Structures are given as structure tokens and as C-alpha cells.
Amino acid sequence: MQIFKRLICLALAFTLCLAVLTSCSRENTKNTGTGSQAQSKNTDVHVFYYSYSDTYISSVRTALDKRLSDEGIKYQDYDANSNQTTQTEQVQTAITKGAKLLIVNIVNTGSDDAAAGIIELAKDKNIPVIFFNREVSDTVVKSYDKCAFVGTDAAEAGYMQGDMIGDYLINNYNSVDLNGDGKISYIMFKGEEGNNEAIYRTKYSVENANKILKENGKPELDFYDSSNTDRYLVDKDGKWSATASSEYMTTALSSYNESKNNMIELVICNNDGMAEGAVSALNTAGYNLGGNDKYIPVFGVDATDAAKQLISEGKMTGTIKQDAEGMSEAISHLAKNGLNPDKELMADTDKYNVDEDVYKVRIAYGIYLGENSK
């Protein structure tokens with residue numbers, strides 16, 4: 001009941017904001033559109049991305065740009081290029097320009113400081129804030145009655161990926177176990193330290209896969225490098241990049257390979273960008289070239305177009321769909337309606353869930369193993 005009471009309050013609080021947005025969009029629909037409107041001082045919605053270079057974020061941006069344009073809402077996009085100071089300054093600039101709504105893909109997820117700072121800037125001018133994708137804490141969202149978060153359940157992707165990996169291994173165990181030692185040696189690309197998505201995907205993907213293996217009488221996954229007690233590798237630049245995973249994979253394959261009878265037999269990545277990098281390194285070493293021979297299963301998260309293509313070519317095994325269209329739909333809906341979600345839209349529990357005690361809208365994940373998967 002608490003969330004519904006809050007939604008009523010939000011609806012009243014944002015009636016004025018909605019009226020202004022609607023009025024502005026009706027006045028000059030010809031000026032709606034892309035980030036090229038950077039010079040406009042009359043832009044209503046300002047959208048802040050942590051990095052344009054992130055493949056998944058790029059897909060969200062494309063989808064959200066289109067939806068805002070279709071709604072006749074004037075907007076401006078910003079690229080923080082993974083720099084929190086840059087993003088905070090961009091928010092300050094947008095507020096100076098007269099922003100009526102801030103949509104923020106926060107850079108720094110390691111603490112509440114950055115998000116709380118943006119909330120304080122917005123509060124001072126009574127501007128609503130929608131954080132998205134990179135999760136902010138419940139404390140941050142609850143600190144301002146004109147704040148919401150649109151994202152995912154961070155743990156869900158890990159659980160699903162673990163199920164997908166476990167099922168695949170049970171069905172293909174002997175072909176994956178290249179050295180025949182009865183165990184599967186894996187490498188894990190975590191991405192960014194301090195990020196909830198990275199933390200939960202790393203933890204639960206392995207835990208769930210191990211659960212399925214044990215239930216079927218198989219030993220748990222064995223991290224390829226016994227000296228690495230973390231049991232994962234991190235992009236040192238915090239960018240979840242294909243470049244980092246390709247470099248790591250290339251280095252690992254120089255010491256862990258079939259000729260030494262200790263080949264890495266499974267690749268787990270917390271996003272599809274890193275999966276692409278791992279596939280590239282494997283291709284260079286003569287693996288995953290699209291045939292049935294010399295194949296190492298590679299799993300990612302996001303279901304980007306590039307990952308789907310690799311899967312269709314037989315170069316990558318599977319991924320977890322993070323619905324960019326669904327996320328952009330929810331964000332644009334809240335932007336259009338003053339943070340007051342349509343009950344019918346949010347009742348589609350196959351796509352959305354709203355947390356019970358804090359205003360967080362969750363987009364559902366799904367397993368992707370090819371065009372016929374769900």
C-alpha cells in the first residue's frame with residue numbers, strides 16, 4: 001500500500017511539471033529530437049549517460065531518443081565519458097539552462113555521494129530526477145519525493161546466467177572438458193568493481209551453475225588461475241570493455257592452453273562487450289571460428305546486436321537479455337507522465353515490477369540462446 005500512496009503523492013506533485021512539459025512540446029514539436037539541440041536553452045529533459053562507448057547504454061540511448069522524440073519532448077543528451085566530475089558539472093549546466101527533468105545514468109556507483117549530490121542540486125530547484133540502469137541506493141531514492149529509479153534486479157541476471165551455463169554444461173559436459181580431468185576450468189570477466197550488477201552477476205552466475213552441476217553429480221567449476229583468490233578479472237578502467245577482456249584472454253591463453261593440458265574451458269562475462277573481446281582473442285588463437293571444432297563456450301549479458309550476431313554465427317554461446325527497449329519505454333513513460341506510472345503498463349509483470357517500499361521500477365531479464373530462445 002505504501003508504494004501506491006506514494007504514487008498518488010507523486011502524481012499531485014508533478015502535475016505542474018507535466019503541464020509544462022506538454023505545453024512546451026505542443027508549442028514547438030519541430031524542435032524536438034536529438035542531442036544536437038545542445039545549444040537550446042528551452043530543452044525540457046536532460047539525459048545524462050555514464051558513457052556513450054558502452055554498447056548496451058548506446059542501445060538504450062538510441063531507443064530513448066526515439067521515444068522522447070515520438071512523445072514530442074525536447075531533450076538533450078550528455079556523455080560523461082565515465083567521469084563523475086564531468087557528469088555533475090553537466091547536471092549543473094542543465095539546471096542553469098532551466099531543465100524540467102533530469103534523467104541520470106550515474107557514473108559513480110561505489111557510494112551514495114555522487115547521486116546524493118545530484119539530488120541536492122535538483123531539490124534546490126524542485127526538479128524531478130529519474131536515475132536509470134546503474135542503480136542508486138534506496139536511501140537516495142527515498143531522500144527526495146520527486147525521485148525514481150528505472151533498472152533491473154541486479155541479482156536476477158546472475159541467477160539466470162548461472163542457470164543457462166549449468167544447463168549447457170550438463171548437456172555438453174564431455175565436449176567442454178577438453179583435458180578430460182572431470183572438471184570445467186573457467187575464466188570470469190567481472191567488469192567494474194563496486195558496481196552491484198557486476199558483483200551479483202559474478203557471484204550468482206557461478207553459484208547457480210555450481211548448484212546445477214552438483215545436482216547432476218558433477219564437480220563445481222574450477223577457476224583457471226589458482227593464485228587468483230578473487231576468482232575474477234576486472235577492467236582496470238572500469239569500462240566493461242572488449243579491449244580489456246581481449247587483452248586478459250590473450251594473456252591467459254598464452255599460459256593456459258591445450259598444449260599444456262590446462263586449457264580454459266569456459267568463459268563467463270558480465271556483459272556482452274567483454275564477451276566480444278573474449279571471442280576475438282579466442283578467434284586469434286584458432287577457437288570459436290564458427291565451426292564445430294575447437295569451441296570454448298562464451299556467455300555474456302545484455303543481448304546486444306553484436307552478441308546476437310556472434311551467437312547466430314556459432315562464435316558465442318548465450319547471453320542474458322537486458323531489455324533496452326523496455327527500459328527506454330519505462331523511462332519515457334515516467335518522463336511523459338510526471339513520474340506517475342500507468343497502472344496498466346506496470347501491471348505487465350513479464351516486463352516490469354515496482355518495488356514495494358521504494359520507487360524503483362525493475363525491467364525483467366530473459367535468457368537468449370538464439371532467435372528461437374525466449
Side-chain angles (χ1 to χ4, degrees), residues 54-64 132-133 150-172 175-176 186-191 197-198 200-209 211-212 221 240-242 245 266-280 282-283 287-290 292 295-330 348-353 362-374:
D54 184 295
T55 304
Y56 174 72
I57 289 301
S58 178
S59 65
V60 174
R61 182 187 171 207
T62 298
L64 184 57
F132 74 98
N133 176 250
V150 177
T152 56
D153 179 344
E156 185 181 10
Y159 290 128
M160 280 192 174
Q161 192 185 53
D163 288 343
M164 177 173 58
I165 292 168
D167 289 342
Y168 178 86
L169 293 178
I170 292 305
N171 291 324
N172 300 276
S175 62
V176 176
Y186 78 101
I187 189 169
M188 161 70 77
F189 295 107
K190 182 178 182 180
E197 281 80 7
Y200 291 131
R201 291 173 192 177
T202 300
K203 175 180 174 62
Y204 295 121
S205 61
V206 175
E207 284 189 4
N208 263 30
K211 178 182 177 183
I212 292 172
L221 297 173
W240 306 64
S241 73
S245 61
L266 168 68
V267 180
I268 307 174
C269 303
N270 285 340
N271 81 332
D272 285 341
M274 294 187 295
E276 288 178 54
V279 168
S280 177
L282 286 167
N283 289 167
Y287 293 85
N288 296 39
L289 296 173
N292 294 325
Y295 182 80
I296 307 300
V298 178
F299 294 89
V301 176
D302 285 338
T304 62
D305 289 342
K308 289 179 181 179
Q309 182 65 29
L310 289 174
I311 292 170
S312 71
E313 294 171 352
K315 298 179 180 180
M316 182 173 160
T317 313
T319 184
I320 299 300
K321 182 179 180 181
Q322 184 171 202
D323 189 357
E325 287 288 346
M327 187 170 292
S328 68
E329 179 184 27
D348 185 356
T349 54
D350 287 338
K351 293 179 67 174
Y352 307 107
N353 283 295
R362 308 286 186 178
I363 314 300
Y365 284 107
I367 289 175
Y368 184 89
L369 293 165
E371 286 302 323
N372 294 324
S373 63
K374 294 182 178 180

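Sequential numbering from 1 along the given sequence is applied to the chain's residues. The structure displayed is predicted, hence computed values, not measured ones. Excluded from the calculations below are hydrogen atoms, water molecules and symmetry mates; all remaining heavy atoms, backbone and side chain alike, are included.
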Starting at [atom1] of [X], measure out to [atom2] of [Y] and round the result to the nearest 0.5 Å.
X	Y	atom1	atom2	answer
Asp167	Asn172	CG	CG	10.5 Å
Asn208	Lys203	CG	NZ	10.5 Å
Arg201	Ile268	CZ	CD1	13.5 Å
Asp323	Ser59	CG	OG	9.5 Å
Thr202	Glu207	OG1	CD	11.0 Å
Leu64	Met327	CG	CE	10.5 Å

Say whether, by atom type as modelled, one donor and one acceptor occur between the side chain of [X] and the main chain of [Y] under 3.5 angstrom.
X	Y	answer
Asp54	Ser58	no
Asp272	Ala275	no
Ser245	Ala242	yes
Glu276	Ala307	no
Tyr368	Gln322	no

Are side-chain heavy atoms of [X] and [Y] found at a separation under 4.5 Å?
X	Y	answer
Glu197	Val301	no
Leu369	Ile311	no
Asp302	Thr55	no
Tyr186	Val206	yes
Val60	Asn133	no
Leu310	Val298	no

| query | Considering the options Tyr204, Tyr365, Tyr200, which one meets the ring-ring contact (aromatic ring centres under 6.0 Å, His included) requirement together with Tyr159? | reply | Tyr204

Closest approach of [X] to [Y] (non-hydrogen atoms, all atoms of both residues):
X	Y	answer
Leu289	Lys315	O-CE, 3.9 Å
Gln161	Ser205	OE1-CB, 3.2 Å
Val279	Met316	CG2-CB, 4.3 Å
Asp153	Arg362	N-CD, 3.9 Å
Val150	Ala330	CG1-CB, 3.9 Å
Thr317	Pro297	OG1-CA, 3.1 Å

| Evaluation steps, side chain to side chain donor-acceptor pair (under 3.5 Å), between Ser175 and Tyr295 | CA-CA 9 Å; Ser175 62; Tyr295 182 80; over 6 Å; no

| remark: Tested for side-chain contact (heavy atoms from CB on, under 4.5 Å) against Cys269, the lone hit among Phe189, Phe299, Trp240 is Phe189

| query | Does atom NZ of Lys308 have more than 12 heavy-atom neighbours from other groups under 6.0 Å away? | reply | yes

